[in-house]
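For reference, the structure discussed in these notes is given below.
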Protein chains: 2
Amino acid sequence: MTQPTAPADEASQEALPRQHRHYTIGELARMFEVTPRTIRFYEQEGLLAPRREGQKRIYREKDRVRLKLTLRGKRLGFSLAEIREVVTMYDAMPDGNARQLWRLLEILADKRDNLERQLEDIRLMRMEIDDVDHRAREVLRSLGHEA
Amino acid sequence: MTQPTAPADEASQEALPRQHRHYTIGELARMFEVTPRTIRFYEQEGLLAPRREGQKRIYREKDRVRLKLTLRGKRLGFSLAEIREVVTMYDAMPDGNARQLWRLLEILADKRDNLERQLEDIRLMRMEIDDVDHRAREVLRSLGHEA
DNA sequence: GACGAGGTTTACGTTAACGTAAAGTGCTTG
DNA sequence: CAAGCACTTTACGTTAACGTAAACCTCGTC
């Protein structure tokens, strides 16, 4: 796959009150099975904006969620630029002007179309995979192996 | 999007008996809204193997289907290498040895897992998009525009 | 026979999304 | 206090998937 091969995404955290916790870059990296480099890169691309404590980056709950959404977007084939567009507009929403908001709605509709298209693609590809699977098992059976 | 932005895929062909027709590279390119360069590149990567008529490439029905599947795979985030792996194994199936076939089943199971994961991602992202959409419309309403 | 529309090869260029290496900072632990 | 670990910045390297340009055939047609 080009996309990350879909790790747990939801880190199986201890049942700590997730609220108000903060994380180091290494913690987040392990949680989502990415490298710190990746996380820094996303910051550089304007997708994350952690606080600093001295020199070190401190990630809060909000940052964790953004990272989660970013990775999910990636798995669905969105580019970082697209993800940023939505995410930053979302943040600017409360005081956003009408033009911006309409633009946001436009983008969202677009993404939705895209998802629908992907659903159809998945449906079709599933059928084809099932088909190939069946044929392969047939051939195996004819070879005397139990499938 | 990183992926092709999902054109018609099924070219709205005339109701000609599709069987046994053949296409030039330009025709295929227009059908699927890609450039000839892309199609040649896929050939170079071992995904297509058109006949030659003199110097020119001649694509048959089978090639068209393979291109269609390739583009669908791409939209779902598969790399050309992955697509090739499945497609070539599929072609080698009838006389494939058992090892190869088991390997094929493995790959297929993997792809299926991937699709399931994507379905879930789509579900979640849909909800989030709907949520953002709602909020945006709220803000717009409070600004006195009709949404 | 010039020309334009399609096709061809060869080859270098480009972009996104990181990887990797080097060199430094700061804590805490034996 | 040295060692180790986790963090930092800077910067160059890498890969996939094409784009783009140049230079060349080969038709049908004006």
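Here the structure is a predicted model, which means the values were calculated and not measured.
- dT9(C) atom P lies 12 Å from atom NZ of K56(B), rounded to whole Å.
- Contact between the side-chain N/O atoms of R57(B) and the OP1/OP2 oxygens of dG7(C) is not found at any separation under 4.0 Å.
- Note on Y42(B): every side-chain N or O is 4.0 Å or more away from OP1 and OP2 of dA17(D).
- Proximity of R52(B) to the phosphate of dT9(C): a side-chain N or O atom is located under 4.0 Å from OP1 or OP2.
- Salt bridge D131(A)/R135(A): present, at least one basic N to carboxylate O contact under 4.0 Å.
- The distance from atom CZ of R37(A) to atom P of dT8(D) is 12 Å, rounded to the nearest whole Å.
- If you measure from atom CD of E82(A) to atom C1' of dA17(C), you get 14 Å, rounded to the nearest angstrom.
- Between R126(A) and E116(B), at least one side-chain nitrogen of the basic residue sits less than 4.0 Å from a carboxylate oxygen of the acidic one, meeting the salt-bridge criterion.
- In terms of phosphate contacts, T38(B) brings a side-chain nitrogen or oxygen within less than 4.0 Å of OP1 or OP2 of dG19(D).
- If you take CZ of F41(B) and C1' of dA16(D), they are 7 Å apart, rounded to a whole angstrom.
- Salt bridge absent: E120(B) and R75(A) never bring a charged side-chain N and a carboxylate O closer than 4.0 Å.
- Nearest-nucleotide mapping onto DNA chain C: of E45(A) and R30(B), the residue sitting toward the 5' end is R30(B).
- A straight line from CG of L28(B) to C1' of dG6(C) spans 15 Å, rounded to a whole angstrom.
- Distance Q55(B) CD to dC25(D) C1': 7 Å, rounded to the nearest Å.
- The interatomic distance linking E43(B) (CD) with dC18(D) (P) rounds to 15 Å, in whole Å.
- With respect to R57(B) and D63(B), no salt bridge is recorded, no charged nitrogen being found less than 4.0 Å from a carboxylate O.
- An OP1 or OP2 oxygen of dG19(C) is reached within less than 4.0 angstrom by a side-chain nitrogen or oxygen of T35(A).
- Residue Q44(A) contributes atom CD, which lies 13 Å from atom P of dG19(C) at whole-angstrom precision.
- A salt bridge does not link K56(A) with E53(A): every distance from a Lys NZ or Arg NE/NH1/NH2 to an Asp or Glu carboxylate oxygen is 4.0 Å or more.
- Proximity of K74(A) to the phosphate of dA16(C): no side-chain N or O atom is located under 4.0 Å from OP1 or OP2.
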